[in-house]
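Heads up, the thing below is written out as structure tokens.
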Amino acid sequence: MLRAGTSSSVRSCLARGKGTAQALRTCLQERCATSQKRRANAIAERSLHSTIFSRPASSATALSRPQPPAPQHEQPPHVLKPSLDLPISSIDERKVAVGWDTGTWSRYHHVWLRDHCRCPECFHPITKQRLLNTFDIPPDIKPVQVTSKSEGLEVKWPSSQPHTSLYPWSWLRQNSYDPPLAPPQTIENILWGSKIQQAPPTVLYEDIMAGDEGLFKWLSSVDHFGFCFVTGVPPTAEATEELVNRVAFIRETQYGRFWDFTSDLAKGDTAYTTMALGAHTDTTYFTDPCGLQLFHLLEHSNGTGGATLLVDGFYVASILKELHPSAYEILSRVPVPAHAAGEPSALFTPAPKTGYPVLRHQDGELFQVRWNNDDRSVMRGLEPALVEEWYDAIRKWHKLLTSADSEYWVQLSPGTAVLVDNHRVLHGRSAFTGKRRMCGAYLGMDEYRSKLAVLTEKYMPSALESEFAQQSSVNGRSIWNPLL
Ligand SMILES: C[N+](C)(C)CCCC[C@H](N)C(=O)O
Ligand SMILES: O=C(O)CCC(=O)C(=O)O
């Protein structure tokens, strides 16, 4: 944005300006008073135009090195270093440029702007779905006029039915892609090791059941830590199911909807035994492993053991990356097949069958840990030269997973449930004797993230959401919501 307090004549010029370099230049030239300003303009115009629309001499890549203005462009505007409170907008053959300040420009392809019109004709105000037929947009579409207005960039499109689009400035800035300007929407993961036992994230059952604020606190904790306890839960399966349903509908699997299990091999899985289970994530044999899982120990009598293990997979991965980068790299690349074949009526393997790497990334960011050595299938896809390196890598991974620094052991008891992000935190248990009854359920990752997004809109809206909460909001959600 350009500083406020500039001469009103320049401001009015821009507000009236056709947005083309010609109009801008003429208008500003009339107002340039001294040769000093003209020299400043000449410097500003060269840098401005080459900044806005420079074309690398040969490559078709995005705008990069400044080039002398191409002859076919109109003469660039004689531009003061303007300090308006409105961004400057300008058009060339393929794009509209918006100048936030003379050092910061965004370029939007004409076709991109037309496709993203959010007027009620082009974008359903209630369903937030595109109504415009993207494929009716002529590939060479070009605005007949762009105007910088206080409420945003106004674009008039050529068509038999005149169409005008308005893009709020903060929405344009948030969605700037050339260059990207919005800070990445990442939550800060709070990585932890065994010391988390000093102050584990915990929320009261009654707060969660009382209203959305308590629910938001719970899910925000899971979002930051990858798990969160709930205390004061009535020690019944019914109350536990009600608690899970505060988040979303349960994700049903071959183990049923709401599970209530003990060591009777009721299902063909070692979870239904008294065996110890090493740190793992569940359902690695699904293409899309379950997102969250809730555990609530309802009973453990006449026996010992059965402690719960939690390990922050993101924390351990960060240590592996630091200490053994080549092991980290191989675990991020080599797919691991998995299966669930303990029930005669079910044989689950992921698609593709080769499975997925232990550490999955998006844009270089670790976003999922997928590890269950018991459920791992034959490593049939390993390149021969990689076999020993891969086993060496999982040894290093296992050593860190099982270190005293990583393992958080906690003895659950009736009344305390724990919700775990199954894409980040590994869980397990120690062997046990006696009668032990555990209940809980899986939730889908998308259902959890949707609930968290709705609660975040309500309790911690982004600046953009707050700005638009009043306007263009139907059903309480703005068409300019940054998540759409
Ligand atoms: C949670 N519940 C006991 C119902 C099922 C446990 C399934 C465990 C399976 N080996 C996996 O890792 O997915
Ligand atoms: O019994 C427990 O405490 C946990 C069992 C388990 O790891 C699982 O169900 O995935």
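Count residues from 1 along the sequence. Atom set for the values below is all heavy atoms of this structure, side chains included, hydrogens, waters and symmetry mates excluded. For ligands, and for the atoms within them, numbers begin at 1 and follow the listed sequence.
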Legend entry - Amino acids in close contact with ligand 1, where any non-hydrogen atom sits under 4.0 angstrom away: Y255, W259, F261, D269, A271, Y272, H280, T281, D282, T283, Y285, N372, D375, Y442
Inset, instruction - Report yes if the distance between the aromatic ring centroids of W112 and Y108 is under 6.0 Å, otherwise no. - result: yes
Legend entry - Heavy-atom nearest neighbour in the protein, as seen from atom 8 (C) of ligand 2, with distance rounded to 0.1 Å: H427 NE2, 3.5 Å
Inset, instruction - Assign the ring pair W192 / Y408 to parallel, tilted or perpendicular, where the plane angle (0 to 90°) is split at 30° and 60°. - result: perpendicular
Inset, instruction - With heavy atoms of R429 as the reference, note each atom of ligand 2 found under 4.0 Å away. - result: 1 (O), 2 (C), 3 (O), 5 (C)
Inset, instruction - Using side-chain contact (heavy atoms from CB on, under 4.5 Å) as the criterion, point out the one residue from I319, V358, L359, L323 that pairs with Y328. - result: L359
Inset, instruction - Measure up the H427 and F295 rings against each other and bin them: parallel (under 30°), tilted (30 to 60°), perpendicular (over 60°). - result: tilted
Inset, instruction - Under 4.0 Å from a heavy atom of M438: give me the atoms of ligand 2 that qualify, with their elements. - result: 2 (C), 3 (O)
Legend entry - Protein contact to atom 3 (O) of ligand 2 [nearest heavy atom, distance to 0.1 Å]: R436 NH2, 2.7 Å
Inset, instruction - Mind running ring pair (Phe, Tyr, Trp, His ring centres under 6.0 Å) on H339 and F348 for me, showing each step along the way? - result: CA-CA 5 Å; H339 61 264; F348 286 96; over 10 Å; no
Inset, instruction - Report yes or no: is the cationic atom of R118 (NZ for Lys, CZ for Arg) closer than 6.0 Å to the six-membered ring centre of F123, at no more than 45° off its axis? - result: yes
Inset, instruction - State whether the number of non-hydrogen atoms from other residues, nucleotides or ligands found under 6.0 Å of R449 atom CZ is greater than 12. - result: no
Inset, instruction - Please indicate whether any nitrogen or oxygen in D282 is less than 3.5 Å from any nitrogen or oxygen in ligand 2. - result: yes
Legend entry - Per-atom contacts, ligand 2 versus L277 - under 4.0 Å to a heavy atom: 5 (C), 6 (C), 7 (O)
Inset, instruction - Return the residue, atom name and 0.1 Å-rounded distance of the protein heavy atom closest to atom 4 (C) of ligand 2. - result: F295 CE2, 3.9 Å
Inset, instruction - Determine, stepwise, if the pair K458 / D212 fulfils salt bridge (Lys or Arg N to Asp or Glu O under 4.0 Å). - result: CA-CA 9 Å; K458 182 175 177 183; D212 280 353; 3.3 Å; yes
Legend entry - Backbone N/O of G415 and side chain of H296: donor-acceptor pair under 3.5 Å: yes
